[in-house]
Amino acid sequence: MDLKERRVPGQPDMWFFVLFESLIFTSYFGVYLYYRAQHEQEFLSAQSHLTLWLGVLDTIVLLTSSWSIARCVDHARNGRYDVARRDALITGAFGVMFGVLKVIEWVRQIHLGNTFSSNDFFQYYFFLTAIHFVHLLIGFVVLGILVRQLSSPKRRSQELIETCATYWHTVDFLWVLIFALLYVAR
């Protein structure tokens with residue numbers, strides 16, 4: 001393997017974005033952990049209203065979407081663009097499934113009386129999951145760009161395909177951290 005082959009996939013700007021987003025979310029997580037430590041019983045009580053299995057299902061769905069986007073990149077690298085496009089569409093389907101599950105969970109919490117203004121825990125819960133949802137919606141635009149890239153030989157750019165996949169992986173990575181903080185950490 002020569003030096004040209006050993007590179008970080010995607011465009012450098014996307015990696016700057018990934019690092020920037022990671023720093024922003026780390027700040028959010030730090031503030032959440034600080035307030036959680038200050039009001040541990042309140043947070044634990046509120047956290048008990050979350051449905052762990054639904055959070056686990058959300059996580060499995062998004063991790064599966066990461067697998068399908070990785071397959072997409074691999075197929076594109078090997079010139080199998082129709083299969084790569086199919087995997088990009090499968091990734092989008094998993095993203096839609098995650099979005100529907102998240103909306104169902106939000107509606108359930110609201111019906112239980114847990115809203116953004118109920119307490120500090122639910123303020124963080126709704127804020128973190130909503131900001132992640134916005135990133136998911138942006139991810140659908142990114143997947144649309146990816147599918148368009150894969151659909152025409154004139155537009156195909158492996159670097160852009162990898163950049164789109166990097167964004168999607170970032171959305172998944174951030175969810176795993178949110179899941180750990182909100183659903184698992186006790």
Side-chain angles (χ1 to χ4, degrees), residues 1-29 53-106 128-184:
M1 178 182 283
D2 66 16
L3 288 177
K4 198 172 195 178
E5 290 182 40
R6 292 193 302 168
R7 63 173 182 79
V8 177
Q11 298 168 331
D13 294 350
M14 179 54 72
W15 286 101
F16 175 78
F17 173 79
V18 167
L19 291 173
F20 181 74
E21 285 290 294
S22 296
L23 287 173
I24 289 176
F25 271 89
T26 299
S27 300
Y28 293 151
F29 298 154
W53 69 265
L54 197 51
V56 169
L57 183 58
D58 286 339
T59 305
I60 290 169
V61 167
L62 272 190
L63 289 177
T64 306
S65 79
S66 266
W67 172 76
S68 62
I69 199 71
R71 285 176 42 94
C72 170
V73 170
D74 187 54
H75 288 305
R77 282 182 184 152
N78 292 304
R80 296 187 300 269
Y81 297 107
D82 288 338
V83 179
R85 188 178 58 225
R86 181 205 65 200
D87 284 336
L89 293 170
I90 290 170
T91 300
F94 281 120
V96 168
M97 188 183 311
F98 175 86
V100 168
L101 288 169
K102 189 50 54 200
V103 169
I104 289 169
E105 187 174 8
W106 287 336
L128 288 171
T129 58
I131 200 85
H132 179 265
F133 196 84
V134 169
H135 284 77
L136 178 75
L137 295 176
I138 295 167
F140 290 132
V141 174
V142 169
L143 287 175
I145 292 168
L146 175 59
V147 168
R148 187 169 187 266
Q149 282 287 310
L150 292 167
S151 297
S152 170
K154 293 178 184 176
R155 286 190 290 269
R156 289 186 190 135
S157 160
Q158 188 62 34
E159 184 179 55
L160 189 57
I161 291 166
E162 291 172 0
T163 299
C164 293
T166 299
Y167 179 84
W168 193 263
H169 285 306
T170 301
V171 171
D172 295 352
F173 167 71
L174 293 173
W175 171 254
V176 169
L177 296 176
I178 291 168
F179 169 70
L181 283 174
L182 297 177
Y183 293 80
V184 179

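All heavy atoms count here, side chains included; hydrogens, waters and symmetry mates do not.
Of the candidates Val171, Asp172, Thr170, Thr170 is the only one forming a side chain to side chain contact (heavy atoms under 4.5 Å, CB included) with Leu174. Of the residues listed (Leu57, Leu62, Val96), the one engaging Leu101 in a side chain to side chain contact (heavy atoms under 4.5 Å, CB included) is Leu57, and it is the only one.
The side-chain heavy atoms of Tyr183 and Leu54, taken from C-beta on, include no pair separated by under 4.5 Å. Side chains of Leu63 and Trp175 form no contact here, defined as non-hydrogen atoms less than 4.5 Å apart. With contacts defined as side-chain heavy-atom distances shorter than 4.5 Å, the pair Asp58/Val61 does not qualify. Within the 4.5 Å cutoff, no side-chain heavy atoms of Ser65 are placed close to those of Ile69.
When the shell of 6.0 Å around CZ of Arg155 is examined, it contains more than 12 heavy atoms from other residues, nucleotides or ligands.
Taking both residues in full, the closest heavy atoms of Leu146 and Cys72 are given as CD2-SG, 4.0 Å, listed atom of the first, atom of the second, then distance. The two residues Gln149 and Arg156 make their nearest non-hydrogen contact at O-CG, 3.0 Å. The two residues Ser22 and Phe173 have their closest heavy-atom pair at OG-CE2, 4.2 Å. Of all non-hydrogen atoms in Phe94 and Ser68, the two that sit nearest each other are CD1-OG, 4.2 Å. Of all non-hydrogen atoms in Ala84 and Ala76, the two that sit nearest each other are CB-N, 3.8 Å.
Atom CD of Glu162 and atom CE of Met14 lie 12.0 Å apart (nearest 0.5 Å). Rounding to the nearest 0.5 Å gives a distance of 11.5 Å between CD1 of Ile24 and CG of Leu19. A distance of 11.0 Å separates CH2 in Trp53 from CD1 in Ile60, rounded to the nearest 0.5 Å. Separation of atoms OG1 (Thr163) and CH2 (Trp15) is listed at 9.5 Å; rounding is to 0.5 Å. Here CZ of Phe98 is found 12.5 Å from OG1 of Thr64. Values are rounded to the nearest 0.5 Å. Rounding to the nearest 0.5 Å places CZ of Phe16 at 10.5 Å from CD of Glu21.
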- Stepwise, does the side-chain contact (heavy atoms from CB on, under 4.5 Å) test hold for Leu177 with Phe29? CA-CA 9 Å; Leu177 296 176; Phe29 298 154; 3.6 Å; yes

- Task: Test ring pair (Phe, Tyr, Trp, His ring centres under 6.0 Å) on His132 and Tyr28 and set out the steps.
- Result: CA-CA 12 Å; His132 179 265; Tyr28 293 151; over 10 Å; no

- Query: Leu150 and Val147: side-chain contact (heavy atoms from CB on, under 4.5 Å), yes or no, with the steps?
  - Reply: CA-CA 5 Å; Leu150 292 167; Val147 168; 5.6 Å; no

- Query: Does the pair Arg86 and Arg71 meet the rule for a side-chain contact (heavy atoms from CB on, under 4.5 Å), with working shown?
  - Reply: CA-CA 10 Å; Arg86 181 205 65 200; Arg71 285 176 42 94; 3.1 Å; yes

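Using a cutoff of 4.0 Å between basic side-chain nitrogens and carboxylate oxygens, Asp82 and Arg85 are scored as salt-bridged.
In this structure a side-chain-to-backbone donor-acceptor pair under 3.5 Å is missing from Ser152 to Arg148. Looking only at distances, no side-chain donor or acceptor of Tyr167 sits under 3.5 Å from a matching main-chain atom of Leu143.
Checked against the 6.0 Å centroid criterion, the rings of Phe17 and Phe20 do not qualify as a close aromatic pair.
Between the side chains of Thr91 and Trp168, no donor-acceptor pair of N or O atoms lies under 3.5 Å.
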